[in-house]
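Reminder, nothing fancy here: chain letters follow the sequence lines and each chain counts from 1.
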Number of protein chains: 2
Amino acid sequence: MKKISEMESIRECSSNYILAVNDTINVIHGKWKAAIISSLLFGKKRYGELQKEIPKITPRMLSKELRDLEANGMVVRTVHDTIPVTVEYELTQSGYAFQHVLDVMLEWGLEHRKSIIGSTK
Amino acid sequence: MKKISEMESIRECSSNYILAVNDTINVIHGKWKAAIISSLLFGKKRYGELQKEIPKITPRMLSKELRDLEANGMVVRTVHDTIPVTVEYELTQSGYAFQHVLDVMLEWGLEHRKSIIGSTK
DNA sequence: GTTGAAACTATAGTTTAGTATACTACTATA
DNA sequence: TATAGTAGTATACTAAACTATAGTTTCAAC
């Protein structure tokens with residue numbers, strides 16, 4: 001399949017590999033993006049709901065990170081003409097697909113923690 | 001199996017999920033760590049070899065990042081009593097296992113790029 | 001005409017990350 | 001005695017990320 005050969009060819013070259021991986025790292029770069037994405041994996045949310053779910057984020061950071069995620073094609077922002085206006089944020093298809101990446105990170109993190117505890121006792 | 005149930009229980013709770021995922025993000029946090037890990041995936045390397053393979057890294061950053069990675073159980077540092085002394089850095093088992101995380105990132109990144117190109121044409 | 005809700009923005013400051021450039025310690029060989 | 005190789009450290013700086021706190025807009029209900 002094409003996907004396999006594309007990955008294979010990138011994996012052969014250390015510098016291309018790093019560039020492609022960094023593309024992904026940049027999308028979740030920073031202190032808050034993983035939290036926002038994780039929160040949105042449980043369903044679309046309004047600005048105020050995100051603020052409540054991510055307790056210590058400032059409004060400035062929340063709106064900046066949401067703008068970044070929107071610019072990167074991770075979330076879509078929808079304004080509803082209710083009174084007062086409400087805004088909903090939802091993951092794109094790519095955004096939802098990112099759960100697989102987070103799950104693999106989670107799994108590795110759990111194993112890694114075990115291996116560290118095992119090696120220091 | 002235990003691993004499944006552990007993951008399932010973490011995935012049920014948004015805040016625990018974020019905490020566990022952040023453990024992993026912190027390990028590769030910063031501009032250079034993914035590059036160092038990627039380079040070491042191709043085999044153990046000496047300090048000077050890493051410096052050549054990662055062209056723009058300063059010696060200060062390289063030694064800082066290597067210290068971080070060592071402290072996090074990602075690499076082991078071995079001093080050989082050659083003349084002059086040589087130092088080798090090698091990934092731990094966890095470090096090598098991290099390739100799976102990077103591969104999933106790579107794969108998602110390639111798909112994501114396609115979906116962005118597809119949506120703007 | 002004041003209050004309140006929603007979704008932010010503005011300004012200023014602190015903290016952390018990263019860069020630039022020079023220097024050190026050790027020892028072997030010329 | 002000077003030079004070179006290896007693996008760094010030291011000092012000072014700039015830039016990016018993040019925080020704190022207050023203010024803005026819009027419209028409706030009281």
Undergrad: Please state whether the phosphate of D:dG8, meaning OP1 or OP2, lies under 4.0 angstrom from any side-chain nitrogen or oxygen of B:Lys64.
TA: no
Undergrad: Tell me whether A:Lys64 contacts the main-chain N or O of A:Arg60 through its side chain, where contact means a donor paired with an acceptor under 3.5 Å.
TA: no
Undergrad: From the list C:dA20, C:dA7, D:dT19, which nucleotide is the closest neighbour of the side chain of A:Val87?
TA: C:dA7
Undergrad: Would you mind reading off the distance between A:Leu62 atom CG and C:dA7 atom P, rounded to a whole angstrom?
TA: 10 Å
Undergrad: From the options C:dA6, C:dT9, C:dA20, select the nucleotide whose nearest atom is closest to the side chain of B:Thr58.
TA: C:dA20
Undergrad: Grab the NZ-P distance between A:Lys56 and D:dC18 for me, whole Å please.
TA: 16 Å
Undergrad: Contact class for A:His80 vs. all strands (heavy atom < 4.0 Å): base, sugar-phosphate, or nothing?
TA: nothing
Undergrad: With the threshold set at 4.0 Å, does a side-chain nitrogen-carboxylate oxygen contact exist between B:Lys52 and B:Glu49?
TA: no
Undergrad: Provide, to the nearest angstrom, the distance between the CD atom belonging to A:Glu65 and the P atom belonging to C:dT9.
TA: 13 Å
Undergrad: Whole-Å distance between C:dG18 P and B:Ile54 CD1?
TA: 13 Å
Undergrad: Taking only N and O in the side chain of A:Arg46, is any of them less than 4.0 Å away from OP1 or OP2 of C:dA5?
TA: no
Undergrad: How close do A:Leu41 and A:Leu102 get, heavy atom to heavy atom, and via which atoms?
TA: CD1-CD1, 4.0 Å
Undergrad: Does C:dT9 have its OP1 or OP2 closer than 4.0 Å to a side-chain nitrogen or oxygen of A:Tyr47?
TA: no
Undergrad: What's the closest nucleotide to the side chain of A:Arg60 if the choices are D:dG8, D:dA20, C:dG18?
TA: D:dA20
Undergrad: Which sits closer to the 5' end of DNA chain C, A:Ser63 or A:Pro84, going by the nucleotide each is nearest to?
TA: A:Pro84
Undergrad: Measure CG/B:Leu66 against P/D:dT6 and give the value in whole Å, please.
TA: 17 Å
Undergrad: Less than 4.0 angstrom between a side-chain N/O of A:Arg67 and OP1 or OP2 of C:dT9, yes or no?
TA: yes
Undergrad: Hey, which of these two, A:Pro59 or A:Ile83, hits DNA chain D nearer its 5' end, going by closest nucleotide?
TA: A:Pro59
Undergrad: From CD1 of A:Ile57 over to P of C:dC8, roughly how many Å is that when rounded to an integer?
TA: 13 Å
Undergrad: Taking A:Ser39 for its side chain and A:Leu50 for its backbone only, find out whether a donor-acceptor pair lies under 3.5 Å.
TA: no
Undergrad: Does B:Lys31 have a side-chain nitrogen or oxygen under 4.0 Å from the phosphate oxygens OP1 or OP2 of C:dT19?
TA: yes
Undergrad: Does a nitrogen or oxygen in the side chain of A:Arg77 sit under 4.0 Å from OP1 or OP2 of C:dC8?
TA: yes
Undergrad: Rounded to the nearest angstrom, tell me the gap between atom CG in B:Asp68 and atom P in D:dG8.
TA: 14 Å
Undergrad: Tell me the interatomic distance from B:Asp81, atom CG, to D:dA7, atom C1', rounded to whole angstroms.
TA: 15 Å
Undergrad: Could you tell me whether A:Lys114 and A:Glu111 make a salt bridge, using a distance below 4.0 angstrom between a side-chain N and a carboxylate O?
TA: yes
